[in-house]
Amino acid sequence: MNVRNVADEAGTRTVVNDSTSGPKGESMADESGAMLPGSREEMRFLRKNSNWVNMVIAILACLAVAVGILFIAPQPEVDSERVVDYQGIAEQSEGNADFDLIVPQIPQGWSANEATLDRLNDSEFLSWYMSFIGTDDQWVSIEQSKASANWAKNKSDDAVAAEKVTVGGADFQIYRTDEAKEYWVTHKGDVYVVMTATAAPDTINSFADQVAAQLK
């Protein structure tokens with residue numbers, strides 16, 4: 001600490017302390033150099049660090065919102081954990097339908113996760129619906145009903161008509177989406193079948209061949 005003598009107008013000498021002073025004489029730091037409470041340096045330090053704190057809080061808030069969206073997002077339309085005896089359900093349901101139910105043989109490693117005879121989505125038509133889960137995230141569903149061409153077309157949602165093929169003697173109209181989902185529509189008389197699939201071409205053809213063989 002430096003001390004100097006200053007002569008005032010009366011000729012007396014006054015001892016002046018030269019330690020650093022802030023505005024209005026406020027001391028900014030003590031002799032050890034430590035930051036004093038309420039000093040300008042402390043305010044600047046707090047503002048600087050508060051920016052980082054606010055940034056961290058904002059990031060955590062964004063993450064919380066993202067996690068919340070994941071939890072409230074619609075669940076997949078396919079339940080891969082459920083396994084049902086679709087052949088047994090078909091035997092029990094046969095007498096309640098006015099058409100012969102299609103019951104395909106599924107590839108090895110596949111399983112059925114849904115099978116029901118019901119009026120789906122409040123439809124006026126009774127439907128026989130089966131859903132199958134396969135290897136490599138493949139999926140095929142078959143819905144059969146004594147209905148109309150308009151009923152079958154509505155099942156393809158916003159898919160675009162792509163081509164017509166003949167499999168097993170039955171003609172199928174194929175609709176496709178940008179997400180590689182395919183709808184295969186065929187009928188015999190007023191019995192319509194809509195097969196929906198995200199699967200390998202050979203697998204889809206195998207199911208289509210069985211649909212053609214059993215459609216009566």
Side-chain angles (χ1 to χ4, degrees), residues 71-162 165 167-177 179-200 203-216:
F71 276 109
I72 65 175
Q75 297 300 310
E77 62 183 21
V78 178
D79 183 358
S80 59
E81 300 297 327
R82 184 183 181 192
V83 177
V84 302
D85 178 12
Y86 74 99
Q87 294 172 321
I89 296 174
E91 291 179 1
Q92 297 172 6
S93 303
E94 188 74 46
N96 296 322
D98 55 353
F99 51 88
D100 295 325
L101 305 186
I102 293 173
V103 186
Q105 294 293 322
I106 60 179
Q108 185 176 2
W110 285 58
S111 63
N113 67 342
E114 189 171 355
T116 183
L117 180 69
D118 204 351
R119 298 184 186 277
L120 304 179
N121 301 321
D122 297 324
S123 172
E124 61 179 305
F125 302 109
L126 187 68
S127 294
W128 167 236
Y129 178 83
M130 297 168 289
S131 174
F132 304 103
I133 297 295
T135 56
D136 301 324
D137 295 326
Q138 297 182 90
W139 170 67
V140 173
S141 73
I142 298 174
E143 186 171 357
Q144 176 188 11
S145 181
K146 193 171 185 179
S148 64
N150 189 54
W151 171 89
K153 177 62 178 67
N154 289 338
K155 294 294 177 179
S156 62
D157 297 326
D158 296 326
V160 177
V165 298
V167 178
D171 296 326
F172 290 85
Q173 172 65 61
I174 301 176
Y175 300 86
R176 291 194 178 96
T177 69
E179 292 75 28
K181 180 184 288 187
E182 296 189 0
Y183 298 85
W184 288 45
V185 178
T186 189
H187 72 101
K188 187 170 185 179
D190 58 356
V191 178
Y192 285 80
V193 177
V194 179
M195 188 171 65
T196 309
T198 51
T203 300
I204 300 176
N205 285 336
S206 175
F207 276 100
D209 191 57
Q210 296 187 71
V211 167
Q214 296 183 38
L215 185 59
K216 299 177 181 179

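Residue numbers run from 1 in the order of the sequence given.
- Counting heavy atoms from C-beta on, the side chains of M130 and P104 come closer than 4.5 Å.
- Listed here is the closest heavy atom pair of I204 and A199: CD1-O, 3.5 Å.
- Side-chain atoms of Q138 come within 3.5 Å of backbone atoms of A200 as a donor-acceptor pair (strictly under, hydrogens ignored).
- Here the straight-line distance linking atom CG of L101 with atom CD1 of I89 works out to 11.5 Å at 0.5 Å rounding.
- Aromatic pair F125/Y192: ring centres not closer than 6.0 Å.
- Contact check for Y86 versus V103: side-chain heavy atoms found under the 4.5 Å cut-off.
- Residue T186 comes nearest to A170 through the heavy atom pair OG1-CB, 4.0 Å, listed as atom of the first residue, atom of the second, then distance.
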Listing, residues 140-149 side-chain donor-acceptor contacts under 3.5 Å, not counting sequence neighbours, or none:
residue	atom	partner	partner atom	Å
E143	OE2	S127	OG	3.0
E143	OE2	K155	NZ	3.1
Q144	OE1	I102	N	2.9
Q144	NE2	D100	O	2.8
S145	OG	L126	O	2.8
S148	OG	W151	N	3.2

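- Put simply, the side chain of V211 does not reach to within 4.5 Å of the side chain of W184, judged on heavy atoms.
- Between A115 and V84, the shortest heavy-atom distance links the atoms N-CG2, 4.0 Å.
- Among N113, T196, T116, the one residue that satisfies the side-chain contact (heavy atoms from CB on, under 4.5 Å) test with S131 is N113.
- Looking at Q87 and Q105, their side chains come closer than 4.5 Å, going by heavy atoms from C-beta outward.
- Residue pairs meeting the salt bridge (Lys or Arg N to Asp or Glu O under 4.0 Å) criterion with at least one member in residues 123-141: none, sequence neighbours excluded.
- No donor-acceptor pair closer than 3.5 Å links the side chain of D209 to the backbone N or O of N205.
- Counting all heavy atoms, side chain and backbone alike, F172 lies closest to A208 at CZ-O, 3.5 Å.
- Y175 and D157 share no side-chain donor-acceptor pair at under 3.5 Å.
- Aromatic rings of F132 and W110 (six-membered ring for Trp) have centroids beyond the 6.0 Å cut-off, not under it.
- The CG atom of L117 sits 9.0 Å away from atom CD of E94, with the distance rounded to the nearest 0.5 Å.
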